[in-house]
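Report on the structure given below.
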Amino acid sequence: MRTQVAIIGGGPSGLLLSQILHLKGISSVVLERKSRAYVLGRIRAGVLEQGLVDMLHAADVGTRMEAEGHRHDGFDIAFQGQRHRIDLKGLTGGKSVMVYGQTEVTRDLYDARDAMDGIVIDEAENVSLHELKSDQPYVTYEKGGEKFRLDCEFVAGCDGFHGVSRSSIPADILKEYERVYPFGWLGVLSETPPVSDELIYNHSDKGFALCSMRSDHLSRYYVQCALDEDLKDWSDDRFWEELRSRLPTDAAQSLITGPSIEKSIAPLRSFVSEPLSYGRLFLAGDAAHIVPPTGAKGLNLAASDVHYLSEALIEYYGVGRDTKLKGYSDLALKRIWKAMRFSWWMTSLLHKFPENEGFGDRIQQTEIDYLFSSKAAQTALAENYVGLPY
Ligand code: FAS
Ligand code: PHB
């Protein structure tokens, strides 16, 4: 089989890239390791920047998002029982975010690829990348016990943190930057009405908690937890009691609980690998970087990578120039590191750090106090949260 762009990974990065390229007449094949049901069973991000919303519309994948998503013009930060609203719209000259689950974005992308006869090969195992430094790279994989070869001109590594693409770049070329946080997030999805119309990011002496949602009858909650927590030790009742203990009084009293329909623990890390390209291989999304979800940047950063990479491929196939392909890594990394900074800052601001006892705690409290009292500080937070320009 032959295609112009072999895309490794059928998550949001790979599917969005495939859809954008298709609309520009550029062929691609997506190789996904898992089944479609598995991919669509993952509960992940919930907040979309305007840049991603615009990209989904441009890719003819925005209709259901507009019908079922919810625009949010602000969110609350709760600290020591005090809630302060960050007025995103007022502070950014009218910008907002869209609350619409990554699972739904991925579903919409799969549906669009199917509708346009896109080639997405699920359960493609043992994917391996070859001849990346040549102008005739190829990919091999197995499916149903058979071996296959996919000849291509470019390989897009959209296969997430645990994928094969990043590790196909020689170790003496790859430079990795990482900060692993001493805690994780225990997340619950429940068919209950959200505790508030907007998100609430809570800093409490017992640890961070986040009140989010997917719709007016589907809520998403997280509590900061120790890295060695075992999901089996967290009954629904224990989760709701812990969440309630970290919320300001009004939210704690109005919280409506119910059975969890999904419960998972995600570790938190900041990670960037450089460069994002090696010969004909280009990394995008979690394959290249991971942010702690505090700033709601993971999925949105994958989108800006796909924006830059698709623009570069469209230039190459459109006018035969490789200027943007050569500049892809440096350009994408500039925005990646700004989102890395913001996600690290939000995480440092709102979580309980064991080593912070004393001075660190007081600095954290002062940082939040300064934020609540300074429009300039709130504006800086708001412009990062709605998404810096591409
Ligand atoms: P993905 O990891 O989504 O997709 C990569 C795909 O490649 C997967 O489907 C995988 O099966 C496939 N793959 C892997 N190896 C392969 C191989 N060798 N061959 C073929 N296919 C292969 N972001 C937020 O903004 N907010 C959140 O709350 C949030 N929560 C998260 C919770 C968890 C547990 C995780 C892991 C991430 C979370 N994120 C969150 C970040 C998440 O949304 C990512 O940023 C987003 O999924 C990035 O999309 P992709 O780059 O497509 O990577
Ligand atoms: C979510 O709804 O899953 C969500 C929202 C905002 C975040 C992280 C996760 O910062």
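Just so it is clear, the model here is predicted, and its values are computed rather than measured. Note that ligands are numbered from 1 as they come in the structure, with each ligand's atoms numbered from 1 the same way.
Closest to atom 50 (P) of ligand 1, if we only count protein heavy atoms, is Ser13 OG, 3.3 Å. Residue, atom and distance of the protein heavy atom nearest to atom 41 (C) of ligand 1 are Asp286 OD2, 4.0 Å. Protein heavy atom at the shortest distance from atom 4 (O) of ligand 1 is Gly11 CA, 3.7 Å. Closest protein heavy atom to atom 24 (C) of ligand 1: Ala45 CB, 3.2 Å. Looking only at heavy atoms of the protein, atom 34 (C) of ligand 1 is closest to Ala266 CB, 3.8 Å. Protein heavy atom at the shortest distance from atom 49 (O) of ligand 1 is Pro12 CG, 3.5 Å. The protein non-hydrogen atom at the shortest distance from atom 11 (O) of ligand 1 is Glu32 OE2, 2.7 Å. Scanning the protein heavy atoms around atom 22 (C) of ligand 1, the nearest turns out to be Arg33 CB, 3.6 Å.
Close approach of ligand 1 to Leu31 is summarised as follows: ligand atoms under 4.0 Å from at least one heavy atom of the residue are 20 (C), 21 (N). Which parts of ligand 1 touch Pro293 is read off a 4.0 Å heavy-atom cut-off, strictly below it: atoms 26 (N), 27 (C), 28 (O), 29 (C). The ligand atoms of ligand 1 that sit less than 4.0 angstrom from a heavy atom of Gly285 are 51 (O). Taking every non-hydrogen atom of Asp159 and a distance limit under 4.0 Å, the qualifying atoms of ligand 1 come out as 5 (C), 7 (O), 13 (N), 14 (C), 15 (N), 16 (C), 22 (C). Which parts of ligand 1 touch Gly163 is read off a 4.0 Å heavy-atom cut-off, strictly below it: atoms 15 (N). Per-residue contacts place Val164 under 4.0 angstrom from the following atoms of ligand 1 (heavy atoms of the residue considered): 18 (N). Numbered from 1 in the order shown, with element, the atoms of ligand 1 that lie under 4.0 Å from a heavy atom of Lys34 read 11 (O).
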Candidate pair Tyr222 and Asn202, rule side chain to side chain donor-acceptor pair (under 3.5 Å), full reasoning: CA-CA 10 Å; Tyr222 299 94; Asn202 304 269; over 6 Å; no
Verdict with reasoning, Trp345 to Glu367, per side chain to side chain donor-acceptor pair (under 3.5 Å): CA-CA 10 Å; Trp345 177 79; Glu367 182 81 33; 3.3 Å; yes
What are the distances between nitrogen or oxygen atoms of ligand 2 and protein nitrogen or oxygen atoms, counting only those under 3.5 Å?
{"unit_1": "ligand 2", "atom_1": "2 (O)", "unit_2": "Ser212", "atom_2": "OG", "d": "2.6"}
{"unit_1": "ligand 2", "atom_1": "2 (O)", "unit_2": "Arg214", "atom_2": "NH1", "d": "2.7"}
{"unit_1": "ligand 2", "atom_1": "3 (O)", "unit_2": "Arg44", "atom_2": "O", "d": "3.3"}
{"unit_1": "ligand 2", "atom_1": "3 (O)", "unit_2": "Arg214", "atom_2": "NH2", "d": "2.8"}
{"unit_1": "ligand 2", "atom_1": "3 (O)", "unit_2": "Tyr222", "atom_2": "OH", "d": "2.6"}
{"unit_1": "ligand 2", "atom_1": "10 (O)", "unit_2": "Tyr201", "atom_2": "OH", "d": "2.8"}
{"unit_1": "ligand 2", "atom_1": "10 (O)", "unit_2": "Pro293", "atom_2": "O", "d": "2.8"}
{"unit_1": "ligand 2", "atom_1": "10 (O)", "unit_2": "Thr294", "atom_2": "O", "d": "3.1"}
{"unit_1": "ligand 2", "atom_1": "10 (O)", "unit_2": "Ala296", "atom_2": "N", "d": "3.3"}

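The ring of Phe161 has its center closer than 6.0 angstrom to the ring center of Phe271. If you look at Tyr181 and Trp344, their ring centroids are not closer than 6.0 Å. Between His84 and Phe79, the gap from one ring centroid to the other reaches at least 6.0 Å.
Of the options Arg36, Gln102, Lys297, Arg44, the smallest heavy-atom separation from atom 32 (C) of ligand 1 is shown by Arg44.
The pair Glu49-Arg335 counts as a salt bridge, with a side-chain nitrogen and a carboxylate oxygen less than 4.0 angstrom apart. Between Asp236 and Arg238, no side-chain nitrogen of the basic residue sits less than 4.0 Å from a carboxylate oxygen of the acidic one, so the salt-bridge criterion is not met. The pair Arg33-Glu123 does not meet the salt-bridge criterion, since no charged nitrogen lies less than 4.0 angstrom from a carboxylate oxygen. Taking the charged nitrogens against the carboxylate oxygens, Asp73 and Arg85 have no contact shorter than 4.0 Å, which rules out a salt bridge.
When only modelled atom types and interatomic distance are considered, His203 and Gln80 share no side-chain donor-acceptor pair under 3.5 Å. Side-chain contact annotation: Asp197 with His72, donor-acceptor N/O pair under 3.5 Å absent.
At least one heavy atom of Tyr222 sits less than 4.0 Å from an atom of ligand 1. Assignment of Arg42 to the shell around ligand 1 is supported, since a heavy atom sits closer than 4.0 Å.
In Val127, the part holding a heavy atom less than 4.0 Å from any atom of ligand 1 is the side chain. Within the 4.0 Å heavy-atom criterion, the part of Cys158 lying near ligand 1 is the backbone and not the side chain. Residue-level proximity to ligand 1 for Ile290 is absent, since no heavy atom of it falls below 4.0 angstrom.
Between Tyr221 and the choices Leu189, Leu210, Val195, the side chain to side chain contact (heavy atoms under 4.5 Å, CB included) rule is met once, by Val195.
Note on Ile8: it does not cluster hydrophobically with Val30, by side-chain heavy-atom contacts below 4.5 Å among ILVMFWY residues. Linking ILVMFWY residues whenever their side-chain heavy atoms come closer than 4.5 Å, directly or via other members, places Ile119 and Leu129 in the same cluster.
In this structure Tyr385 satisfies the side chain to side chain donor-acceptor pair (under 3.5 Å) test together with Tyr201, sequence neighbours excluded.
Separation of atoms CD (Gln50) and OH (Tyr390) is listed at 9.5 Å; rounding is to 0.5 Å. Atom-to-atom distance recorded for Leu243:CG and Lys206:NZ is 10.5 Å, nearest 0.5 angstrom.
When only interatomic distances are considered, the shortest N/O to N/O separation between Leu299 and ligand 1 falls below 3.5 Å. Considering backbone and side-chain atoms together, Gly14 places no N or O closer than 3.5 Å to any N or O of ligand 1.
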